[in-house]
Amino acid sequence: MSYTIHEVAQKMGISTYSIRYYHDHGMLPFVQRDENNNRVFSDDDLEWLNIIVCLRATGMPVERIQHYLDLVQEGETTVPERYDMMKAQQERTLSEISDL
């Protein structure tokens, strides 16, 4: 199935501006373009976007999310580093909750 940027924005509950930002910064590397050069999103693209949205919700900076996504593309050998990133983000998030 394929989706337009407006359908994705509505489905994900985020702005088209945010989606364009993530795509333009290489965080959605598999998004295709149609004959009119409009972005066309697949279900796999929505999964990538969901990861981005979830990590942003924890307060993870865009640069670290980009690094995480790069590691995902490198394959299974990066699982330990990705795990460490998630544990560190969990600790930061729990610390922020505790502070509040």
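Because only heavy atoms are used, hydrogens play no part in the values below, and waters and symmetry mates are left out as well, while side chains stay in. Please read all numbers here as calculations on a predicted model, not as lab measurements.
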Is the shortest heavy-atom distance from the side chain of Phe41 to the side chain of Glu7 under 4.5 Å? no
For residues 79-100, which residue pairs pass the ring pair (Phe, Tyr, Trp, His ring centres under 6.0 Å) check, not counting sequence neighbours? none
Nearest 0.5 angstrom please: Thr16 OG1 to Ile5 CD1, how far? 5.5 Å
Is it true that, when you exclude Phe30 itself, more than 12 heavy atoms of the residues, nucleotides or ligands shown sit nearer than 6.0 Å to its CZ? yes
Contacts table for residues 93-100: side-chain donor-acceptor under 3.5 angstrom, sequence neighbours left out:
unit_1 : atom_1 : unit_2 : atom_2 : d
Thr93  : OG1    : Thr58  : O      : 3.4
Thr93  : OG1    : Gln89  : O      : 2.9

What about Tyr68 and Val62, same hydrophobic cluster or not, with Ile/Leu/Val/Met/Phe/Trp/Tyr joined at side-chain heavy-atom distances under 4.5 Å? yes
Mind checking side chain to side chain donor-acceptor pair (under 3.5 Å) for Asn37 and listing every partner two or more places apart, or none if nothing turns up? none
Which residues pass the side-chain contact (heavy atoms from CB on, under 4.5 Å) test with Glu35, sequence neighbours left out? none
I would like to know whether Met86 and Leu55 meet side chain to side chain contact (heavy atoms under 4.5 Å, CB included); could you show each step before the answer? CA-CA 9 Å; Met86 291 297 107; Leu55 293 176; 3.7 Å; yes
Would you please test Val72 and Trp48 for side chain to side chain contact (heavy atoms under 4.5 Å, CB included) and show each step? CA-CA 10 Å; Val72 170; Trp48 276 80; 4.2 Å; yes
Quick one: does Gln73's side chain get under 4.5 Å of Pro29's, heavy atoms only? yes
Sorted by chain and residue number, the ring pair (Phe, Tyr, Trp, His ring centres under 6.0 Å) partners of His25 (sequence neighbours excluded) come out as Tyr21
After noting the C-alpha distance and the side-chain angles of Arg39 and Arg20, does the key distance pass the side chain to side chain contact (heavy atoms under 4.5 Å, CB included) rule? CA-CA 9 Å; Arg39 292 170 181 90; Arg20 286 185 188 97; 3.4 Å; yes
Straight-line distance of Tyr17 OH to Asp24 CG, nearest 0.5 Å: 9.5 Å
Without swapping roles, check the side chain of Asp34 against the backbone of Asn36 for a donor-acceptor pair under 3.5 Å. yes
Would you give the length of the straight line joining atom CE of Met27 to atom CD1 of Ile65, rounded to the nearest 0.5 angstrom? 4.5 Å
Here the pair of heavy atoms bringing Ser15 nearest to Ala9 is C-CB, 4.2 Å
Is Thr4 close to Val40 at the side-chain level, that is, under 4.5 Å between some pair of heavy atoms? no
Quiz question: by atom type and distance under 3.5 Å, do the side chains of Tyr3 and Asp43 form a donor-acceptor pair? yes
Please name the pair of heavy atoms, one in His23 and one in Leu28, separated by the smallest distance, quoted to 0.1 Å. CD2-O, 3.2 Å
Is Ile52 close to Leu69 at the side-chain level, that is, under 4.5 Å between some pair of heavy atoms? yes
Any pair with a residue in residues 74-90 that passes salt bridge (charged side-chain N to carboxylate O under 4.0 Å, His left out), sequence neighbours left out, goes on the list, sorted by first then second residue, please. none
Would you say that Ile14 contacts Leu49 through its side chain, given a criterion of any heavy-atom pair below 4.5 Å between the two side chains? yes
So, do His67 and Met85 sit near enough that their side-chain heavy atoms are less than 4.5 Å apart? yes
Quick one: CE on Met12 to CG on Asn50, what's the gap to the nearest 0.5 Å? 4.5 Å
For a quick test of reading the model, state the closest non-hydrogen atom pair linking Pro61 to Arg56 and the distance between them. CA-NH1, 3.8 Å
